[in-house]
Structure formats: structure tokens, C-alpha cells
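First the structure, which I've put down as C-alpha cells, then a few questions once you've had a look.
Reminder, nothing fancy here: chain letters follow the sequence lines and each chain counts from 1.
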Number of protein chains: 2
Amino acid sequence: MGQIGPSELSGSLSRATAQRLSQYLRCLRPALTGTTVSSSQLARAVGVSDAQVRRDLATLGNLGQRGIGYDANALTAVIRRTLGIDRTWKSVIVGVGNLARALLRYRGFHEQGFEIVGLFDNDPHKIGTQVDGLTIDSLDQLASSIKTSKAELGVIAVPPESAQLVADELTRAGIKGLLNFAPALLKIAPHIRLVTVDLAIQFEQLAYLVRLSRTSENGE
Amino acid sequence: MGQIGPSELSGSLSRATAQRLSQYLRCLRPALTGTTVSSSQLARAVGVSDAQVRRDLATLGNLGQRGIGYDANALTAVIRRTLGIDRTWKSVIVGVGNLARALLRYRGFHEQGFEIVGLFDNDPHKIGTQVDGLTIDSLDQLASSIKTSKAELGVIAVPPESAQLVADELTRAGIKGLLNFAPALLKIAPHIRLVTVDLAIQFEQLAYLVRLSRTSENGE
DNA sequence: CGTTGTGAACTCATTCACAGCT
DNA sequence: AGCTGTGAATGAGTTCACAACG
């Protein structure tokens, strides 16, 4: 199974590990110069144990130097390659509301390798107008536009009642992965990857944590 | 409210369990009428095993009926109480950009118990204007405003370089929990609860999943 | 020295499988 | 029959602790 090939993107990392790699990447950026970084430094920054960091990074190959640490540049490169963001991912956003605009302005998306190549909406008032240099197209054009632009990722930023429809349309257009912001339970084909971000759930989790820490005076 | 009855809010649920409870809640809403729902139904809807559902729900007390299932209304009430959303959480948003506007329009926030009672920004052009019936205030007024409104949750929707400052200010103002959307590593006091939502990380996770499913044609 | 990499131990989470209730 | 609750088994994830190395 874990055959270390030419580019060692070995045995699939757990979801949690992949998330932490993203976080390590975040802290690595500031210290991008030719410095080295230790597992305990990364651990403190992200809020995990140093053993956890070492375990995570060890799965990427032996890129630490004992007694020294990890080379920040090399580590960054390997994590990016492992996560698959060592290249550009063309993406489209369906539903051009405030969330879509927030995503377009979100710092560093482009430099992280995510390029928005299409905006779609079904509101006649929006179709044809421009946002950040991109023209908003009608949903009818979704399939043809995706095929010509070769976009692989689709962002669903429409109200929940349209979310399934949009997901189906994106699937038909040959999209590979969906990032869904609608609080809806999507039924999608097994070959499509789905990441759902439900903002209300994040609020609920926060409320739970606050409530918990008040109920039992449990430190940390 | 009032009595906490069997007071089954003791044993802190794991973070993952709390998340799934939120998801169950999501599927429960449509079937709100006096119906019963089975663990396998919930499991199918959310995408977990039925045993998982029963294990999760069992931690809330014995509210299933063998041979029948769970009463949708009762289950909803207990989950809401467990998550701490059986009451209103007053919240403020700092940084009134597109993300803040998206949150304000997000369906069902209010009905889920989250009430935005304050908007803050340091842009002179925004201060004094209204969004959704709320007047945008200067950051200077943060502390006093939070104290009079008794807001408990703060949403950080500012650029990453201001995020730490805002977090400190909210802490000083006596906030209980922070929902951070800035891609920044926040240093916060231990008694403050923090949930960070990094949208770029979600993109990265999706890219990883898509890349993975292409590399090894691993069915699932 | 300080730091990595990793077997081994350990903790937490999930699934199995079935008794027990309706 | 159908469905829950749960002990037991399994699996996944994390920490311990230390040898190996610069």
C-alpha cells in the first residue's frame, strides 16, 4: 500500500493530519527565509504537541535534520506538494452574493494556487455585471463555460434550496470537487469530492464550548 | 428554560460528537412534526453509521424508544439544550466587509438563537451607516457597547493583521467566545473560547481530496 | 548539547453484535 | 417484526520515551 514512489505522496493521510498540514503551512509563511524551524516551535504556534508535529511531518519523508530542525523552504514545498497545492486549481463560484465577494477578496487565495475563473448567478440584475474583473454569467452557461475553462473546483454559495440543483449542474459539467457553503444535505455522485462549510454549525460549536466552560469550570 | 431536568449536560462530549449533533439537528428540522426518526434514517442523511448515531444520542440520555425510534421534537429539544442553543446568544461582528454582510443575511442565524447586536469597523466611511438595521460603530465604542448589550460572542471578520488587536479588545470588553475568520494565529487568554474558520484551509482540504482520489483510484 | 524519527503504550473513537424492549 | 442501548472488540489517533544523529 504505502509505496514510496518518485514523488512520495504515500498512503493517504487522515483528514485531521491534512488539516494540520495546512496549519503548519500557515505558520511557515512568515518565516519563509532560509531558516530552520523545530517541531516544538510549530507545535506552539498551532497549538498541538511537538510529538504530534514530528509524527505528522515524518509521514512526508525524512526531511528533518536531527539536532537542527526542518528547513522552512523545503518543508513548505513538500507540504504544498502533498496537499496538492503545488499547482493552480481553477475554480468557479455559483451564487454571487456577499459570501462570493468575500471569497474573491480573501487574501492569498490566488497565491495559494486557487484561481477563480468563473462567476455564475441566476439573478438577471447581476448577469453581465463585473466583480473583480470577472463577468457574472447565467447558470445556463455553466456547463459550457466550465468545459472551456477546465475549472475543476466549484463553490456553492447559493441559498440552501438551490444548492442541490447547482451541485447536480456542476457535476454534469464535469467538476471534480465541491465546496459547499449552503446549509443543505447534498446528494452527490461518489466520484465528486465534497467539503461542506456550515457557518451556523461553527456558531453552534462556539456556543457549546462557551456553555461548557461555564458549566464545569474546566480549564483549557 | 429553567430546570435542567436530568441535567445530562455533564460529561463533555468530544468535539466531533458535538459537530455531529449539529448535523443531526440540521436534518431534524424538516421533519419537525410529531414524527419519530430512527438512527438509520439520521445516519443515512448525515453520512455516518447507524451505530454512530445511537452512540451519540445515547450520551444525551435514554430518549429513544426501542422498536420505535426517537421522537423528533424531544430529540431536537435535547440536542439544542446540550449544545447550549436553547437560548439567545448575543453576538457582535468586528469588521463589516462582505463576510460580515454574508453572516447577517445567513438564513436562520436568528432563529437558531444567534442575535447580532453590534457591528464595528474602523473605516470612517462605514461608521454611522446602517446594515440590516444596525448602525456600524467605531472600534473605540467596542468595550462600552459590549458591556451595555451584554454580548457574549464576538466574530472577527477583519484582515489578518488586525485580528490579534481585535481579539485583545474583545477580550478586554469581557467577551466569552470568539469566532475568528481571519487567517491568523491568535494568542488568547485561556478563559476565552475560540473557534477559527480559515476558508483557505477548506479550499486546501478540497484540493487534497480531489488530488488524492485521482492519484490512487481509491473507490469510496 | 538539541532535535528528529519511531517502536511501544496509551487514550480516544467507532463498529460489531446482540440482549432487551415495543 | 423493528429499533435502541451497550458491553466487547476493533481501529485510529496521540503521546511517551528514547535511540540515533548532527
So, are B:Glu204 and A:Arg26 salt-bridged, with charged N and O less than 4.0 Å apart?
yes

Of all residues at least two apart in sequence or in a different chain, which pass the ring pair (Phe, Tyr, Trp, His ring centres under 6.0 Å) check with B:Phe203?
A:Phe109, A:Phe114

Euclidean distance, A:Glu169 CD relative to A:Ile156 CD1, rounded to 0.5 Å
11.5 Å

Using a distance-only criterion (donor-acceptor N/O pair, under 3.5 Å, no hydrogens), is the base of D:dG2 paired with the side chain of B:Arg54?
no

The side-chain hydrogen bond (donor to acceptor under 3.5 Å, both in side chains) partners of B:Ser162 (sequence neighbours excluded) come to none

Check this for me: does any side-chain nitrogen of one of A:Glu152 and A:Arg87 sit under 4.0 Å from a carboxylate oxygen of the other?
yes

Residue-level proximity of residues 44-52 of chain A to DNA chain D when a heavy atom falls under 4.0 Å:
A:Ser49, A:Gln52

How long is the line joining CG of B:Leu60 and P of D:dT4, in whole Å?
14 Å

Is there any salt bridge (Lys or Arg N to Asp or Glu O under 4.0 Å) pair reaching into residues 56-73 of chain A, and which pairs are they, with sequence neighbours excluded?
A:Arg20-A:Asp56

Just the table, please: protein N/O against nucleotides 20-22 of chain D N/O, every pair under 3.5 Å.
| unit_1 | atom_1 | unit_2 | atom_2 | d |
| --- | --- | --- | --- | --- |
| D:dA20 | N3 | A:Arg66 | NH1 | 3.0 |
| D:dG22 | O4' | A:Arg66 | O | 3.3 |

Could you check whether B:Arg20 gets within reach of a base, just the sugar-phosphate, or nothing at all, counting any heavy atom under 4.0 Å?
sugar-phosphate

D:dC3 P sits how many Å from B:Asp71 CG, rounded?
16 Å

Please determine whether a side-chain nitrogen of the Lys or Arg among B:Asp132 and B:Arg105 lies less than 4.0 Å from a carboxylate oxygen of the Asp or Glu.
yes

Between A:Arg15 and B:Asn62, the residue closer to the 5' end of DNA chain D by nearest nucleotide is B:Asn62

DNA chain C: 5'-most and 3'-most nucleotides touching chain A, 4.0 angstrom heavy-atom criterion
C:dG2 to C:dA8

Is the shortest side-chain N to carboxylate O distance from B:Asp168 to B:Arg172 below 4.0 Å?
no

Quick one: does any side-chain atom of A:Thr17 pair with a main-chain N or O of A:Leu13 as donor and acceptor, under 3.5 Å?
no

Give the rounded distance in Å between these two atoms: CD of B:Gln41 and P of D:dT4.
9 Å

Any side-chain N or O of A:Ser14 less than 4.0 Å from the OP1 or OP2 oxygen of D:dG13?
yes

With nearest nucleotide decided by heavy atoms, which residue, B:Ser39 or B:Arg55, maps closer to the 5′ end of DNA chain D?
B:Ser39

Check: B:Trp89 side chain, B:Gly84 main-chain N or O, donor-acceptor pair, under 3.5 Å:
yes

Under a plain distance cut-off of 3.5 Å, with no hydrogens placed, do B:Ser91 and B:Glu115 share a side-chain donor-acceptor pair?
no

